[in-house]
Structure formats: C-alpha cells, structure tokens
Amino acid sequence: MKKTLTAALTAAALLVAAGCGGGSSSSKSDAPVDLRMTIWSANAQHLALFNQIAAGYKKDHPEIGKISFESIPFDSYTTTLTTQIGGGNVPDLAWIFESNAPDFVTSGALEPIDKDADLLPSTTADWEQDGKLYAYPFSTSPLGVFVNTDLVKAAGRPAPAQQIASGTWTWEEAAKTAAAVQALGKGGVVVGDFDYKGWDTLNAIWAGWGARPWSEDGKTCQFDQPAMVDAMTFVHNLIFTQKGMPGPGVTKDFFAGDSGMILTQISRAALLQKAKFHWDLVPLPKGPAGDYSVVGQAGIGVFKRGKHADAAKQFLAYFTNAENSAKLAQFFPPPRKSQLNAATLAKANPLLKPAQLDSVVVKGIETGTIKPSHTGYAELQQTVRAALDPLWKPDADVKTVLSGVCSKINPLLAK
Amino acid sequence: MRLKLLVYGVLLVCCVPFVFPIWWMATTSLKPVSEIFAFPPTLLPTSPTLEAYRQVFELQPFGRQYLNSLYIALVVTIGTLAVSALAGYAFARIRFRGAGIVFVIVLSGLLVPNEVTIIPLYRMFDTFGLVDTHWPLILIPMLGAPSVLATFIMRQFFITLPAELEEAGRVDGLGRFGLFWRVCLPLARPAIGAVAIFTFLHSWNLYLEPIVFLSSKQKFTIPQALTQYVDAYGGPMWNTQLAAATLSALPVLIIFVLAQRQFVEGLAQTGLKG
Amino acid sequence: MTLLLDKPTSRVAPAGKAPYWTMRRRDTLAGWLMVAPQLAGIVVFVLVPLGLVVWYSLHEWNVLAGTFNFVGAENYKAMASDARLGPVLRATGLFSVGLVVLNLSLALFLAVLLNQKLRGTVVFRTLFFSPVVVTLVAWTIVWGFLLQDNGGVNAFLNLFGIDGPNWLRSGGTAMVSVIVVQLFKNVGLNMVLFLAALQGVPAELYEAARIDGASAWARFRRVTVPLISPTILLTMILTIVGSLQVFAQIAVLTQGGPGTSTTVLVYYLYQQAFQFHHFGYGATLSLVLFLIVLVLTAVQWRMRRRWVFHEA
C-alpha cells in the first residue's frame, strides 16, 4: 500500500514538473559553462576540425567547460532535435536545414546574431527576419554536375567540358548524353538525394525552366504553371521515354562508377578521392530559361531557451570568424565575400581545379537560387511527395498530376 | 519416406526468405561498395575485404557500444525477471483484495505503444536529469509496458502448479515469500528461460528509446550505432553498416542455438501451452 | 487452460479465530507487496504519461516557439475533419489484417512441419527463428536492397522468367512488401510458441482420433486446433498489438508512400507530432491508437469464450 502511495505521489510531482514548460533554468555564475551543438554529420574529419576549433576557443575562455558536438542521424535529425526541445533539453546551438529555416526563424526560437558585413546578402536572405539575422549560413554549397568522363566517352558522346566551350551544354544535350550512357547498362544522370522521394532536389533541374514550386510570397502553388509543367514533362521524358535517368526503385551509385552524371553539392567531391575513373565537375546545363545555378544551405542557430544563450552566441561568432571559416571551407563553402575566390577554395578543396571552382562555386554562390523553403515545410514536403508519386509511372499525365499537387497543397500554403 | 522428402523439400523452400537476407547481409559486409549494387546481386563477394570491419571499430567506439547494449540487456533481463516473477506469482496464487483491478491496470501496459508516451517520458526523465544516461533504457523496459508480457507469462506458469505443493510448504511453516522463493520459483526454470530470452531480445533491439534519450557516442547502443555509419553528407556507408549489423546479430544467434531447447521447452511448460 | 481473469488456483484455508493478522490479511499484504514494483512501474511509466498525453491533446503546442496554449476540443475537431485520416485507417487495417492472417498461418504451418519427428528439425527451427535476433533496422535495410527494382528478389524471379514488379513503388505491392518484411522478421517467434503448444498436445489424443478413422486434416482441425486455441488467441493478440505499432519498417522502406498507401496510424502520428510539429494533434492521434488497441483486445477477449477450448 505504502509503495503505491509513494508511486502516486511521485506521479503527481511529475505531472506538475512536466506540465510547467521546459528550459527555464539559467546558469549559475561561477560554474563552468558547457555548450552543446547538435549536428547531422557523424564524419570523423568534421568532428576533429570542430573539436580543434572548440579547443582553441576554450584556451581564451576559461569560463567555458565543455563544448560538445552531438551527431544526430541525418534522417531523424529534425525529429530528434524537436523532441529535445519539446522535452525541455534545448541544445545551445544547432545546425538547421535550409528547408526548415522559416520554421525556426519565424517561431522566435532563435536568438538574433551579429551580421558580419563580409557575408554575401544572397546567403543570408533565408535566415533573416525584420532585418535581423537568426542563423549563420555556415555551409553554402552550390550544385554542380559531376561527370564520369570515361563512361561519356565510352558512350560516344562529347564531354560536357567540350560542349561548354562550344556553348552547347544544354539540358537537351545532357539528356542525350545521359541516354547514351544508360544504354550501356549504367545509369545516365542521377539527381543526388532525389530517389523519387526528395522531390525538392529536382529544383536543380526546374530552376533551368524558371519554375518555382510556389510563389515568392509562399501563398500560391505554382506546380501547375506552364514552366513547371514543361520542366516536369522534360524530367518524365528523361526517365521513361529517353531512358536517361534510372527509374524509381533503381539505385545507380555515381561514386562507385555506376552512372554517367550526378547533380549534387560540390562538397561531395571528397567521395571521389578513391575513384577508379576519370571525372570532371561542370556547372548545371543551360535550361530554356538560360544559365542558372542552385545553392544548398545549412545554418547554425543559437537557441533562446538554451541554458547559455549568450555564451553560445560568443562561441558561434568565434566558430565562424574569418579564420575558422577558412578552415571550415574544406568541407563547407563559406558565405564570405573575402573567401569566395578560387585561390582560397583551392587550398581547401585539393581535388578540384581552380577553373572548376571558379565556374561552379564562386559564380554559383553569387547568383544561385536557394532551394524552396516555407513554414511548415515538413508537412508540405510530405504532401507534395505523396501527390507526386503518380507521376513516376510511364503513362502518367504530367499536367493532371501537377494540378493534383496544387489542390493538395494550396490549403497548406494559405495557412 | 516420400512424405519425409516432401516435408524436407517444403522446409528448404521456406528457408529462403529467412536465410537469404542474413546470408546477403553477412556476405555483402565483405564486398567493396561498388559491388553492393551489382545486378544481378552476387552470392559471394568476388573480391572479399575486411575493410568494412576495420571501419566499424575505427569510426565509433563500437566495442564500448557493444558492451553498453550487452550490460543494459542483462540488467533489464534480471530486473524484469525479479519484477515479473513476484507479480506473476501474486496474480496467480494469492487471492488478495484488489487483485482483479490491479491486474487490469497492469495489463493496460501491454496496449500502449511506446510512440504514444515517448514525449511525456522524455520530459519526466529530463526533469530528473536522467537524459543521456542509461536509466530510461533500463527502467522503462524493466518496470513499464514491456515487462507486462513477462508478468503475464510468469502468471500463466505459476497458475499451472498444483495447490498441494504449496500446502505441503505451508505445513512446513513457510510464509508467502517462503513459498514463492523456496517452492515455486525453483520449479519456474522453464518460464524464467522463456522470459529471459524475450526480454533480452527486446532490450537488444530497442531503437526508438536510445535515439531519443542518448546523445553521446560513448553511451550509444548497437541499433543506434548502426545508423551512425554515414559518410560526411549523411549518405549511409552500406558495407560498414552491414558489417556492424552482422557483428550485432551473431552472438545472439549463437546464444539462441545453445539455449533454444530450454527456450522451446520452457514455453511448452508455461501456461502458454494448450 | 486457465486464462487471465479466471480465479487463481490457490485455495486459502479459512482462518480460525485469529488475531488481526489473519491469513487473509497477510495474503493481501503479501500480494500487494509482490505486485507493488510492477504496479508502480505501470503507473509511473504508462498511466501518468498517458494522462499527460490526454492533457497535451487539449493544447496547441508549438515546440519551437515554446508556446503551449489551451485549445479545448480543437484537436479533436481537426481530427474529425482530417481528410487524410480515412486512408490512414484503411492502410492500418489492411496492414494488420494482412500481417495477422499471414503470420499466424505461416507460423502454424511451419510449427506443424517442425513438429514431425524428423532429423534436423532443430536446424530448421534455428533458421526460421534467426531473423528474430537480427536488429530490426538492419533487417529492414537489407530487405530495402532486395526489394529494389534491380534488387535480389527480382533477380531471383528472373531466373524463372518472371518480370517482377517494382515492389516498393506501386501502391499494392508496397503494402505487400512491408507486410512480408515484417512477417519474416517475426514469424519465428509465433512459430516457437505454436511449437511449444503442439508439443503439449498428448499423443494419445491423436491415436484415438486415428482409430476413429479421422483423416490427417480432420485430426488437425478437430484435435490440434482446439487444443492450441489459447496459444492462437495469445499470438493473435500479440501480433495485432505489434502490427499496430509498426514503425521502423515504414520509415526505412516506403516513408508511407507511394501516395499515402503505406501510411499507417503510428507513422502518421509520428509525422504529425515529430515532423510537422503538431504535438497536440499527434497526442490526439495517439489516443485514437490506444483506443483501437483497447477495443480490439477487448473484443477478442470477449470472443475467446466462443472458440477457445477450455480443459474440463
């Protein structure tokens, strides 16, 4: 009996404790300040570099106790982060996906940070509200096309580099090359992380048609607009008619030499360190709307409700200052004007030639459009994914499917 | 004789979907990445390499994580045995006031999926500063919903014991705890075996809770560690994941082979039988 | 076979003119002490959290902003008008029914085969059980590879000249795939339970039936099934409850697609709560899940008297 009573009391205490919101405690004045940053990379080299930067910071800041970098798997990153925040265990700093930027920025969860004049305006646009910057865009990675030149040659097609020189590097030509490579039994062109689920990566293609998923103000769906219909018709043809892109449920790993081209972030060049084939990096092909480029982004934000928001802000400033930014540049292209030149980048990316860096990275970041984002992105992402699924069949009617997408997401956009 | 051959034939065919994935997992962990996606898939690696196994230990404190999983599973198993044997005994053999309603309350634990309660549980453990410790992974399975099945099995076993056994013990002057400890528990070996294996496997496979509760690599458990073998961009390192998965499955498989007789017979003697 | 709520077998002798600590009182104390850890655990780790979930369901909880506002029945109203809920419940039902039917029949079939007195059944028993010990995530990842359009399953079908479907990519086969992956993972457990039950069926009963001239099927139908019916009930309850909680498989294999054909309730509530940040609504959905499990179990429990065989 006594034990059940104790249990009931404990339970009541827990109810009270759990009911009254989380993260209210503040730091004691003299205890060492521990900082925690959640990240989605579990890469040993990344972590070594972060720890090195953290060690440098601690040398000058005795009040800081431990700085830990907490790797959360990519797939469950936002989920785990939200659980921690919901559970009251708010990290001090966190990496944030570009697509979630509006959610985090508008919710008021983040502390405004100082804006360095060296930052390119195009890189901070997504992270600002009312003139204040809420996260540092530490990785601003343009998309390029990696080409397996061996396969392209074997397929009897001109190398993309030649086509660029002669001004014929267009999607039409790229599709022909892809189809020729795929006819060899390999994959033609692959869109990185697409896998017929991450439809937003197709942005790398449809931006060439000047298409957008929704209007600039985020209020109306534009999947049913002519530009998008044309772009998606092109993609559909590429997959099912020309057969230049591996179909749904087929994996062709570019980095293992199984496909001719891949559209992905240039930072993945590191995966080619041990490649057994010749490769090149070129800008995205020209689309009907002309030259274009696309940039992927990630930011670091400081949580207001973290235990040591001020200390975290100071550390973030150090972590991303010019000197450390140059170090981080080997993995994460910097958003700083002063560092966006082939010379700085070449030091950090030994695998890439200066010309490649200049054409893809520097120009890309300066002019690139950033992946679509919106508040409530995860729900939009899932809804569009489900509504687009009927498109990935040979006999799909592109226009009908895309109108269907709009009827599904318009209520969400209007919220 | 014909019939025998037929049974063997059917058994062999049935084996394929059980064995082939495991075979594929084990052999693929020996393949270089480029071979993993080969079509048609190769049955044996053409150029086997232990590279993936080296990486398993190089990239993470896998040995440490292995020990974590092992000791958590053992503690949970022992704890669950204690909790469920006591409760199972009481429910089966003692008529006490409130037993019916308590039993219904306990059984309700069987019906609440862990996804439902994970957020409040997280808040509770955070209140006591127990996030990023192994306590939630031990306490929740040992006392919460997962232990209900164990209590149920125990109860079904104890209920089959003849009443005379205890009456004899009572004549010898044993109290309730004495009857439980001296008379009934020693007879419960088969049920204990069954509960132990169930509980161990459940803890060993736990996935959602570690991901939510643990954050430092030194404290990870194996299922969670598997998801951490990714390249710099979150792309999975397939062969390393599969190597780690193979390493995690082997010892449990061996334990099962050694203990399976106890397991099956244990179940056969509990109240689960017809 | 005695089941859950039937009376315990222990017969307490009526106490004489005893002082306060009668046998009955002592038993009550001992009983409460013995169930105390389990009861406390259920209260703290199941009932209190469940109560909190009900509390959350009455709120709009924006985790990021840290706002927690009382909205009354808003979440319940939203649920009533949620057009996605219908298909989700249908997928949930489809998955559970498919899994339970396949799982129980296959488990029973294998158990009957293994119950024959043959050499080497121990080996087969181990093989059928082995997926149970493979980490669920690893098992699912492996099947994800095998079920690709250019994966192992279709390569195997190719050997027989069959052009296999794109398993995970079309509505019907995606659901079948998810069910089958779960089936092979866990059928070994039910198989062992059935095997244990079969071994408890006295051989004399078969003999008697044989002498009466009953065919093999009739013996199975009239002797085996009734005798192991308590196990059938138990495995059925466990499998249904388990099937309603299927999560990792969906997350790894289909993410609820194509379309929403494999979005089962647990996955949907996970999406709402953790991905879309609608914690209050997620809590509301999880109460629905709890109610479904509760009702299903209660119904089976009531129905057991109809078909579960009780030893005299």
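Letters A, B, ... are given to chains in the order of the sequence lines, protein chains preceding strands, and every chain is numbered from 1.
Taken from OG in C:Ser130 to CG in B:Leu250, the straight-line distance is 11.0 Å, to the nearest 0.5 Å. The CD1 atom of B:Ile94 sits 12.5 Å away from atom CH2 of C:Trp32, with the distance rounded to the nearest 0.5 Å. Between atom OH of residue B:Tyr8 and atom CG of residue C:Leu113 there is a gap of 11.5 Å, rounded to the nearest 0.5 Å. With values rounded to the nearest 0.5 angstrom, B:Cys15 atom SG is found 4.0 Å from C:Phe128 atom CZ. Once rounded to the nearest 0.5 Å, the distance linking OG1 of C:Thr28 with CZ of B:Arg95 reads 11.0 Å. Rounding to the nearest 0.5 Å gives a distance of 9.0 Å between CG of B:Leu107 and CD1 of C:Ile42.
By number of non-hydrogen pairs under 4.5 angstrom with chain C, the leading residue of B:Val16, B:Thr151, B:Thr28 is B:Thr151. Of the listed residues (C:Met34, C:Arg25, C:Arg26), the one with the most heavy-atom contacts under 4.5 Å to chain B is C:Met34. Note: B:Phe177 leads B:Phe20, B:Phe200, B:Trp204, B:Phe177 in heavy-atom pairs under 4.5 Å with chain C. With chain C as the partner, the residue from B:Leu242, B:Leu3, B:Ile222, B:Leu12 showing the most heavy-atom pairs under 4.5 Å is B:Leu12. Residue with the most contacts toward chain C among B:Pro21, B:Gly109, B:Gly175: B:Pro21 (heavy-atom pairs, distance under 4.5 Å). Put simply, of C:Val123, C:Val35, C:Val153, C:Leu285, the one with the most heavy-atom pairs under 4.5 Å next to chain B is C:Val35. The candidate from C:Phe290, C:Phe124, C:Phe109, C:Phe247 with the greatest count of non-hydrogen atom pairs under 4.5 Å with chain B is C:Phe124.
Residues B:Pro120 and C:Tyr56 have side chains in contact (heavy-atom distance under 4.5 Å, counting atoms from C-beta outward). For the pair B:Leu11/C:Leu127, no side-chain contact is recorded, criterion being any heavy-atom separation below 4.5 Å from C-beta on. Side-chain contact between C:Leu136 and B:Pro223 is absent, with no heavy-atom pair separated by less than 4.5 Å. When side chains are defined from C-beta on, C:Phe145 counts as touching B:Trp24, because their heavy atoms get closer than 4.5 Å. No side-chain heavy atom of C:Leu29 sits less than 4.5 Å from a side-chain heavy atom of B:Phe96. The shortest distance between side-chain heavy atoms of C:Val44 and B:Met124 falls below 4.5 Å. By the 4.5 Å heavy-atom criterion applied to side chains, C:Phe45 and B:Leu121 are counted as neighbours.
When heavy atoms are compared at a cutoff of 4.5 Å, C:Leu294 approaches chain B by way of both its backbone and its side chain. When heavy atoms are compared at a cutoff of 4.5 Å, B:Ala99 does not approach chain C at all. Proximity to chain B (any heavy atom under 4.5 Å) is restricted, for C:Leu47, to the side chain, taken from C-beta onward. Both the backbone and the side chain of B:Ile105 have a heavy atom closer than 4.5 Å to some heavy atom of chain C. Contacts of B:Leu226 with chain C are made by side-chain atoms alone, with heavy-atom separations under 4.5 Å and no backbone atom involved. Only the side chain of C:Phe279 comes within contact range of chain B, with heavy atoms under 4.5 Å apart. Of the atoms belonging to B:Val19, it is side-chain heavy atoms, and not backbone ones, that fall under 4.5 Å from chain C. Looking at C:Val266, only its side chain comes within 4.5 Å of chain B, counting heavy atoms on both sides.
Of all heavy-atom pairs between C:Pro37 and B:Leu143, the closest is O-CD2, 3.7 Å. Counting all heavy atoms, side chain and backbone alike, C:Pro131 lies closest to B:Phe18 at CG-CD2, 3.7 Å. C:Gly31 approaches B:Ala90 most closely through the heavy-atom pair O-CB, 4.0 Å. Considering all non-hydrogen atoms of both residues, C:Val46 and B:Ala145 come closest at CG2-N, 3.7 Å.
Each of C:Val132, C:Val137, C:Thr135 was scored for a side chain to side chain contact (heavy atoms under 4.5 Å, CB included) with B:Asn205, with one residue passing: C:Thr135.
Salt-bridge annotation for C:Asp27 and B:Arg176: present, with a side-chain N of the basic residue lying under 4.0 Å from a carboxylate O of the acidic one.
Defined by atom type and a distance below 3.5 Å, a donor-acceptor pair is present between the side-chain atoms of C:Gln38 and B:Ser147.
For the side-chain hydrogen bond (donor to acceptor under 3.5 Å, both in side chains) test, no residue two or more places apart in sequence or in another chain qualifies with C:Tyr267. Among residues two or more places apart in sequence or in another chain, the side-chain hydrogen bond (donor to acceptor under 3.5 Å, both in side chains) test is passed with C:Ser243 by C:Ser96.
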